[in-house]
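Here is the structure we will look at, set down as structure tokens.
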Amino acid sequence: MSIQEHYRSRAKELLSAGTVKMVIGYGAGSTPDRRRPVFITSPDEADRLVLDTTCRTNLSGYLLREGLLSDQKQVAVFLTVDGIRSLNVLAAESQLDTSQVLVFGFGIEGDQARAIEGERAADFKSVIAAAKEQRKSQPADELQEKLEAMTPKERFSFWEGEFSRCIKCYACRQACPMCWCRRCVVDNNQPQWVNTSSHTLGNLEWNLLRAFHLAGRCVECGNCSRACPADIPLHLLNRRMADEVQASFDHYPGMDEAQEPVLASFRKDDPETFIL
């Protein structure tokens, strides 16, 4: 049985038994190489679920849709390892209870999707630990290598050029499972902290502010870059921040739901003077 058939069968079983009220997965998109989220609530609809190598979007953010988990009922969701990590970050930030979430875990290897054993977030600790180790030896892509070879001035100019194409649509924010604030600071107009129009200064403010907001929280799923209509490689900026956090604090976000946020915790024996 293929992984797709396996999860379709499991979805029918869970929905028929009333174990879950909804399965959030992937369905056919507008073109053969695109997939879109589907929200299955009946066993008869489970055959709409698709799972293949084009299923890249991190679906965990849909769990935060207002009221979805407020009735204490369970929801099943298709997630890669990055998605499971984001589930743990959201739980650590008190945004959801993982006991209400069943995971249909999968990974992409070459031209195949494969199932990952387990159904609860806690079942995937060893898989996440392995991903942390693999990240250290993961080769940089071509653009990332170019950026690392640049001087700070050249790198700043590169990002200024990229951000000049930003149209402030906030698709990156909407697609990011870590952007769960009911009201974002950039939507405030009294006072207005960040200029809302699309121009050089405002674009720089927005994108750098968002990168810092994700420091120690980003799971590198790539939703931001895939959602960007201007093709700005935002994931590289977030990856660089993740490199710094891992090198400085050995912090890999989403290890488990009890993991403290790296920028919201401290050690009492820290030698810095700001620790009282």
Side-chain angles (χ1 to χ4, degrees), residues 1-26 37-43 45-46 49-51 55-109 112-135 176-178 180 216-221 223 251-262:
M1 182 185 293
S2 70
I3 177 177
Q4 177 175 283
E5 291 305 316
H6 167 68
Y7 278 142
R8 281 179 177 177
S9 174
R10 183 65 177 142
K12 289 176 185 174
E13 181 182 321
L14 292 170
L15 289 166
S16 297
T19 306
V20 300
K21 66 174 183 179
M22 177 185 289
V23 175
I24 303 175
Y26 304 93
V38 292
F39 306 89
I40 305 297
T41 56
S42 161
E45 298 177 295
L49 292 166
V50 175
L51 187 56
C55 297
R56 300 282 182 175
T57 303
N58 181 352
L59 301 178
S60 62
Y62 291 105
L63 293 166
L64 302 182
R65 296 293 165 170
E66 196 160 357
L68 179 63
L69 298 177
S70 61
D71 58 5
Q72 308 306 312
K73 293 181 179 177
Q74 295 190 101
V75 172
V77 58
F78 284 71
L79 294 174
T80 63
V81 175
D82 293 341
I84 300 165
R85 289 173 58 205
S86 59
L87 193 64
N88 282 331
V89 175
L90 293 171
E93 296 178 351
S94 303
Q95 295 308 302
L96 52 75
D97 181 350
T98 56
S99 68
Q100 284 184 261
V101 182
L102 277 169
V103 176
F104 287 2
F106 70 99
I108 305 293
E109 287 184 359
Q112 286 192 327
R114 62 173 179 81
I116 304 176
E117 194 171 339
E119 278 197 337
R120 297 292 181 184
D123 297 337
F124 301 95
K125 282 189 175 182
S126 61
V127 179
I128 296 172
K132 178 183 178 183
E133 290 305 308
Q134 288 169 5
R135 188 185 188 281
C176 179
M178 298 299 108
W180 48 258
R217 302 174 64 241
C218 176
V219 297
E220 303 173 70
C221 65
N223 270 13
H251 184 87
Y252 189 66
M255 291 294 293
D256 58 59
E257 60 184 282
Q259 184 185 34
E260 292 185 335
V262 69

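Values below: all heavy atoms of this structure, side chains included; hydrogens, waters and symmetry mates excluded.
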Between [X] and [Y], is any pair of side-chain heavy atoms under 4.5 Å apart?
X	Y	result
L69	D97	no
F124	L79	no
P253	R85	yes
F39	L68	no
K21	V75	yes
K125	M255	no
V81	V219	no
V38	E45	no

What are the two closest heavy atoms between [X] and [Y], and how far apart are they?
X	Y	value
L49	G25	CD2-CA, 3.9 Å
N223	P177	ND2-CD, 4.1 Å
A121	I84	O-CG2, 4.4 Å
E257	T98	OE2-OG1, 2.7 Å
I40	L15	CG2-CD1, 3.8 Å
R217	E93	NE-OE2, 2.7 Å

How far apart are the C-alpha atoms of L14 and F104, what are their side-chain angles, what is the distance that settles it, and do they pass the side-chain contact (heavy atoms from CB on, under 4.5 Å) test? CA-CA 12 Å; L14 292 170; F104 287 2; 3.7 Å; yes
How far does [atom1] of [X] sit from [atom2] of [Y], to the nearest 0.5 angstrom?
X	Y	atom1	atom2	answer
M178	C221	CE	SG	7.5 Å
H6	L51	NE2	CG	10.0 Å
E220	Y252	CD	OH	6.5 Å
M22	S42	CE	OG	12.0 Å
L96	N88	CG	CG	9.5 Å

Kindly check if the number of other-residue, nucleotide or ligand heavy atoms within 6.0 Å of CD (Q112) is above 12? no
For a quick test of your reading: what N or O donor-acceptor pairs under 3.5 Å do the side chains of residues 59-67 make, sequence neighbours left out?
{"residue": "S60", "atom": "OG", "partner": "N58", "partner atom": "OD1", "Å": "2.9"}
{"residue": "S60", "atom": "OG", "partner": "S86", "partner atom": "OG", "Å": "2.8"}

Give a yes or no on whether the backbone of V50 and the side-chain of Q4 come within a donor-acceptor separation of less than 3.5 Å. no
Looking only at atom types and distance, does a side-chain atom of R120 sit under 3.5 Å from a main-chain N or O of V101, one as donor and one as acceptor? yes
I'd like to know if the side chain of D82 pairs up with that of T80 as donor and acceptor (distance under 3.5 Å, no hydrogens or angles considered). no
V262: side chain to side chain contact (heavy atoms under 4.5 Å, CB included) partners, not counting sequence neighbours: V245, F249, H251
Checking A115 now: which residues fulfil side chain to side chain contact (heavy atoms under 4.5 Å, CB included) with it, not counting sequence neighbours? I3, Y7
Going through the distances and angles, do T19 and Q74 end up as a side-chain contact (heavy atoms from CB on, under 4.5 Å)? CA-CA 7 Å; T19 306; Q74 295 190 101; 3.7 Å; yes
